[in-house]
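Have a look at the structure below, then the notes.
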Amino acid sequence: MNHILPLFVAVPLGTAFIILILAKVWRKAGVPFALLTSICLVIFSVSVIGQASIYRMGNWPPPWGIVLVLDGLSTLLLLTISVISFFALLFSIRYMDRYTAKPKFYALFMLLVAGMNGVVLSGDFFNLFVFLEIASIASYALVAFGCEEEELEASFKYLILSGVASTFILLGIAILYSLTGTLNMADVARTIGNMPANNAVLFAISMFLMGFGLKAALVPFHPWLPDAHPAAPAPISAMLSGVLIKALGMYVLIRLIFNVFGLSPFLSSVLMILGGLSMVVGGLLAIGQDDLKRLLAYSSISQIGYVAVGLALGTPLGIMGGLFHLINHATFKSLLFLSAGAIEYSTDTRKLSKMGGLSNRLPVTTTSAAIGFLSISGIPPLNGFWSKLIIIIALVQAGHYILASVAVLVSFLTILYFMRVQRHLFFGDLPAKLAKITEVPYLMRVSLVLLAIMCLAMGLLYPFLSGTILDPARDVILEGTAYVHRVFGV
Amino acid sequence: MTQEPEGMTLIVKSIGRLVINFIMLFGIYIILYGHLSPGGGFPGGVIVATAFILLMLSFGRKTALRKFGDTTASLLDNFAALSFLTIGFLGLIGGYFFLNFIDRGIPFQLFSAGTIPLANIAIGLKVSACLYAVFVALAIFGKVLAGPEQDGVGPAEEKPTDSGEHRR
Amino acid sequence: MIVYLLCSFLFVLGLYCLVAKKNIIKKIIGIITMEYSVNLFLVLVGYRARGIAPILSKGADKAEFIAKSVDPLPQALVLTAIVIGLGTIALMVAICIRLYERYGTFDMTEIRRLRG
């Protein structure tokens, strides 16, 4: 029994309300409280590494009460969420100067974090749905935060599509409930395991695939992402692309497919096709983009495809690669979005065609952005290289030669479009308009540099990472429906 | 800009004056007896909020905002949410988050069931303030849209109704 | 069985409204219809012929209560889903008002700044 577990949700939730109350008397209440909470969350999530426990809310045993389940997989996600949100917050302190209503921004940010932590920890469908919606509603509002034409339009699109996804998820939950009479995940898994195979389960799974696939922006369900992610303020883009699509989309899909329903060859191939499509389509669409943040958003779709393919393989190596790519993508994509935000901050444009020769003017920003680009394109020894390598090796080992070659090709595609970005950003002449730009403020640089160092360190320290956080997460996925015994056994 | 008539006709105002207090009383009853009968924090809170919304509809925006301003509503909203969380935290005294740590008392008494009535009151406050704030926000939005005087684009954000988490 | 069919009809109707209508307010109505059809489905799943409310009243027979009462879980879930739906709708309407302020129209085909 670990009393930290409910605090993961309760502390950011409480901070959100405290910020809103204090903002009436102290306009700058947002920054210190949000930062303090974020540091607390990082400490909490580091302290739970290597632990596995079940927390019974109000001492009601499952399946009647609410349970929070902590295991390797949730620890991995918790760590990612808290670290990335800390860097995004650090970045946002100066970045948000240009917006009004800052306390509301920080309150919404905290709600977003609380929602994601809740999704990652919850052990039943009921809470999963509630926290999913808290995080989603906070993210809709954050996407529209600027209240300009594009932000509103993007947010509305996102709202409609994500609302449909939530409806499908609720329908899936309803079908599962009618089938099993319970909403506790472990109990559902146990009941389904004892039942003969039937089509209702398959229907529920397809509903979940649609719903969570939409939240994860796998390809047929992706159109909201390239609008929503660029429209948000940069720290929020980093949060959305870095963690939200993984915590709300991939994590839940993995948890349901592996631990609740059990991986079948059919499901594996469906997920693999979705992942392969995402890789190719996202990569191809990214090439022609002129808007830097939009290009990054398309590349997110492409990279989430790698994660899906790796995990869908179901082999230890493939899962390892998928999980490693998941955390790597969280680091380098948030680094890239934050760099894009920094570039936008000083040049006031996101159009690649209007940039050029920035490396003299913005040395720190462009260097860290370059590390991000190299990392996402898979240049050794940065982290992106190792995870892509592991996924490709796992694909070859499992005999999926076509998919393996597709993965290699998409990797070249990634290099191609980031070469284009490099050319526009670093080389060429500085446009006359941008002659007077200066480097971004100190705090923004700190956040960028730290993330860049993390990219480098995660590549070099892979054995350490795999021993502490990746292996337990992989074991949770591999144990499949044995998850049930863990929840009921404690 | 033409002078907007304050509120509706005399008939609506008189009936409203009679009815609003009873609606509010009924809402409070539903909140307080939530642990004994169907109802609870959320339905009761909605009923209390409708009383205020009726006030605004029948007597006009100014009167309602004088009685229950939007700042008060949002403060109350956040305060109630915090107190609900505090009840959860106090459960840690007994060893578990959200543990019902107060003595349960005799069943079917008004003062029984430990923390549940307290939680109901917090949720009731939260929901009523929150719904009223949403209504006010949308009403002010409409006003800004209709009137030519855009009183500053102001806070760039509509408050999302985070009521989802505080019910159960 | 017929009620479930009606329920799915409502769902499809909402989806049609969402996809086919150009007015963003109508799209919102479509999404609400979809949401409520799912809520209706959940309530129907929890329905029990001649069941009683799952609230123990004074002097009730406990054995009879256990035998007859319905499961409160779907009702609680539906209530939560309605509350969440309310929050989403409030946000949607607020964004719609802002969109109207900026673009001067509710027509989705004219709200097209984002391409690519």
Side-chain angles (χ1 to χ4, degrees), chain A residues 63-64 124-127 129-130 132-134 136-138 140-141 143-144 147-164 166-179 181-184 207 223 226-228 230-231 285 288-291 294-295 297-298, chain C residues 4 7-8 11 14-15 18-19 24 27-28 30-47 71 73-74 76-104 106 108 110-116:
Chain A
W64 297 282
D124 60 305
F125 285 106
F126 197 124
N127 279 308
F129 182 71
V130 172
L132 185 95
E133 287 296 299
I134 292 175
S136 304
I137 290 178
Y140 308 146
V143 167
C147 267
E148 292 301 320
E149 282 91 341
E150 291 179 6
E151 279 111 354
L152 289 168
E153 186 188 338
S155 173
F156 191 75
K157 260 186 202 171
Y158 177 30
L159 238 171
I160 291 287
L161 282 175
S162 197
V164 173
S166 301
T167 315
F168 277 117
I169 291 166
L170 191 62
L171 187 58
I173 293 174
I175 290 163
L176 274 188
Y177 171 76
S178 72
L179 206 63
T182 174
L183 286 175
N184 185 290
M207 289 291 134
D227 291 338
L285 285 173
Q289 298 302 323
D290 189 39
D291 184 335
R294 209 174 168 81
L295 184 144
Y298 275 115
Chain C
Y4 291 111
C7 205
S8 54
F11 187 84
L15 199 59
L18 186 66
V19 174
I24 49 178
K27 275 184 193 290
I28 292 179
I31 209 165
I32 296 172
T33 315
M34 267 172 84
E35 237 172 62
Y36 280 20
S37 76
V38 175
N39 289 346
L40 180 64
F41 177 70
L42 254 171
V43 170
L44 284 174
V45 164
Y47 174 74
D71 188 353
L73 199 61
L77 185 54
V78 164
L79 199 55
T80 314
I82 289 174
V83 176
I84 292 170
L86 179 80
T88 321
I89 291 162
L91 195 65
M92 274 188 204
V93 172
I95 288 178
C96 270
I97 293 174
R98 287 285 195 180
L99 271 175
Y100 188 79
E101 201 178 273
R102 301 281 172 185
Y103 287 87
F106 278 131
M108 198 66 202
E110 287 174 32
I111 304 175
R112 290 189 69 90
R113 281 286 183 89
L114 300 166
R115 287 167 185 284

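Small disclaimer: the values here were computed from a predicted structure and weren't measured. In what follows, chains carry the letters A, B, and so on, assigned in the order in which the sequence lines appear, proteins first and then strands, with residues in each chain numbered from 1.
Contact detail for C:Arg98 and A:Leu152: the closest heavy-atom pair is CB-CD1, 3.6 Å. The two residues A:Ser178 and C:Val45 make their nearest non-hydrogen contact at CB-CG1, 3.4 Å. Here the closest non-hydrogen pair linking C:Ile95 and A:Ser155 is CD1-OG, 3.2 Å. Of all heavy-atom pairs between C:Ile84 and A:Phe129, the closest is CD1-CE2, 3.9 Å. In terms of heavy atoms, A:Phe156 sits closest to C:Met92 at CE1-O, 4.4 Å.
Both the backbone and the side chain of A:Ile175 come within less than 4.5 Å of a heavy atom in chain C. For C:Leu44, no part sits under 4.5 Å from any heavy atom of chain A, backbone or side chain. Residue contact with chain C, scored on non-hydrogen atoms closer than 4.5 Å, involves the side chain of A:Phe168 exclusively.
To the nearest 0.5 Å, atoms CG (A:Leu161) and CG (C:Leu18) are separated by 8.0 Å. Between the CE atom in C:Met108 and the CD atom in A:Glu153 there is a gap of 5.5 Å [rounded to 0.5 Å]. With rounding to the nearest 0.5 angstrom, the OH atom of A:Tyr140 is 6.0 Å from the OG1 atom of C:Thr88. Taking CG of A:Leu183 as the reference point, atom CG of C:Leu73 lies at 4.5 Å (rounded to 0.5 Å). To the nearest 0.5 Å, atom CD1 of residue C:Ile31 and atom CD1 of residue A:Ile160 are 4.5 Å apart. Annotation: the span from A:Leu170 atom CG to C:Phe41 atom CZ amounts to 10.0 Å, rounded to 0.5 Å.
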Check the pair A:Tyr177 / C:Leu77 against side chain to side chain contact (heavy atoms under 4.5 Å, CB included), numbers first and verdict last.
CA-CA 11 Å; A:Tyr177 171 76; C:Leu77 185 54; over 6 Å; no
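Most heavy-atom pairs under 4.5 Å with chain A, from the set C:Leu42, C:Val38, C:Ile28: that is C:Val38. Each of A:Thr182, A:Asp291, A:Val164 has some count of heavy-atom pairs under 4.5 Å with chain C, and the biggest count is that of A:Val164.
In this structure, C:Arg102 contributes its side chain and A:Cys147 its backbone to a donor-acceptor pair below 3.5 Å.
The shortest distance between side-chain heavy atoms of C:Phe11 and A:Leu171 falls below 4.5 Å.
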